[in-house]
Visitor: 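First the structure, which I've put down as structure tokens, then a few questions once you've had a look.
Values reported hereafter were calculated over all heavy atoms of this structure, with side chains retained and with hydrogens, waters and symmetry mates removed.
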Amino acid sequence: MKNKKNVLYALVIVITGVVYSPIRAQEKNGTDRPNFSGEWKSKESIAMGGNIVCCYNSGDRMLAKTMKIAEQANFLSVEVSSSFLGTKPVAGQEKLTFDGKAGEIDYGRGRGKKFTVKLSADGQTMTVNSIVHLTAATPYNINVQKRDIVYVIEVWKLSNDGQSITVQTKAKSDLYSAERSWKTVFDKVL
């Protein structure tokens, strides 16, 4: 009888450990990792930081100084309100999916962009590759407009504490020979 009692106690302890450990591990994984969700603010937009035209439309994510981001399992939803100097702000939204498929935004009149997004395995770094189509003033002659294609790579890095996003951007335009590189920092709004 005593052996049966000891076996029963041991069995209860083992079952408790088997059930408790995965639950505890799930709780820890879900709460420890900061993510991109939240409201973020910067002193300047991603597009304007490099002194290169990456967008020509109010409401574009790259023109925004403030972003509201909701992170889901397979995508980010980014809501913005942005404008050029002296114009009314326009609301915009982009869905940045992590499936590797190209997203596309068409602003009309030959303006828009195609992009792909990749999220790192740890969920802390996101890379956005965009091809932006627009019409821009030619260098040294603002009265002459030409079709331009700008190749943009944005690397978004979430800080370890989840309180800032650093966006390292590189862009190369068909109209301008030099590649530009710059950094934009967004801080979490509390």
Visitor: Please give me the minimum heavy-atom distance between Trp40 and Ile69, naming the atom from each residue.
Guide: CD1-CD1, 3.7 Å

Visitor: Could you tell me which non-hydrogen atom of Leu63 sits nearest to which non-hydrogen atom of Ser45, and how far apart they are?
Guide: O-CB, 3.1 Å

Visitor: For the residue pair Pro34 and Gly162, what are the closest heavy atoms and their distance?
Guide: CB-CA, 3.5 Å

Visitor: Between Ser82 (side chain only) and Gly59 (backbone N and O only), is there a donor and an acceptor less than 3.5 Å apart?
Guide: yes

Visitor: Rounded to the nearest 0.5 Å, how far does CD of Gln72 lie from OG1 of Thr97?
Guide: 12.5 Å

Visitor: Working to the nearest 0.5 angstrom, can you tell me the gap between Lys113 NZ and Met62 CE?
Guide: 6.0 Å

Visitor: Take Leu96 and Phe75 through the side chain to side chain contact (heavy atoms under 4.5 Å, CB included) test and state the conclusion after the steps.
Guide: CA-CA 5 Å; Leu96 305 174; Phe75 67 91; 5.9 Å; no

Visitor: Tell me, do Asp60 and Glu94 make a side-chain contact under 4.5 Å, heavy atoms counted?
Guide: yes

Visitor: Under a 3.5 Å distance rule, please check whether Glu71 uses its side chain to pair with a backbone N or O of Phe36 as donor and acceptor.
Guide: yes

Visitor: Which pair of heavy atoms, one from Ala64 and one from Ser81, lies closest together, and at what distance?
Guide: CB-O, 4.5 Å

Visitor: Assess whether side-chain hydrogen bond (donor to acceptor under 3.5 Å, both in side chains) is satisfied between Gln168 and Ser181, documenting all intermediate values.
Guide: CA-CA 7 Å; Gln168 185 66 49; Ser181 179; 3.3 Å; yes

Visitor: Hydrophobic clustering (ILVMFWY, side-chain heavy atoms < 4.5 Å, transitive) - are Phe98 and Val78 grouped together?
Guide: yes

Visitor: With the side chain counted from C-beta on, respond yes when Val117 and Leu76 share a heavy-atom pair under 4.5 Å apart, and no when they do not.
Guide: no

Visitor: What is the distance from atom OG of Ser42 to atom NZ of Lys183, rounded to the nearest 0.5 Å?
Guide: 11.5 Å

Visitor: Going only through I, L, V, M, F, W and Y residues with side-chain contacts under 4.5 Å, is there a path from Val132 to Tyr107?
Guide: yes

Visitor: Ignoring hydrogens and angles, tell me if any N or O in the side chain of Glu79 forms a donor-acceptor pair with the backbone of Gly92 under 3.5 Å.
Guide: no

Visitor: Between atom NZ of Lys114 and atom CG of Asp106, what is the distance when rounded to the nearest 0.5 Å?
Guide: 10.0 Å

Visitor: Regarding Thr66 and Glu39, is there a side-chain donor-to-acceptor distance under 3.5 Å anywhere?
Guide: no

Visitor: Any chain of hydrophobic side-chain contacts (each under 4.5 Å) joining Ile105 to Val152?
Guide: yes

Visitor: May I ask you to check whether over 12 heavy atoms, not counting those of Asp161, lie within 6.0 Å of atom CG?
Guide: yes

Visitor: Would you say that Arg61 contacts Ile46 through its side chain, given a criterion of any heavy-atom pair below 4.5 Å between the two side chains?
Guide: yes

Visitor: Donor-acceptor check, side chain of Lys188 to backbone of Ile165, threshold 3.5 angstrom: yes or no?
Guide: no

Visitor: For the residue pair Ser77 / Gln93, report whether a side-chain donor-acceptor contact shorter than 3.5 Å exists.
Guide: yes

Visitor: Report the relative orientation of the aromatic rings in Phe186 and Trp156; use parallel for angles under 30°, tilted for 30 to 60°, perpendicular for over 60°.
Guide: parallel

Visitor: Find the distance between NZ (Lys65) and OG1 (Thr184) and round it off to the nearest 0.5 Å.
Guide: 11.5 Å

Visitor: Within a 6.0 Å radius of atom NZ on Lys170, are there more than 12 heavy atoms belonging to other residues, nucleotides or ligands?
Guide: no

Visitor: Show every side chain to side chain donor-acceptor pair (under 3.5 Å) that has at least one partner inside residues 119-130, sequence neighbours left out.
Guide: Ser120-Asp122

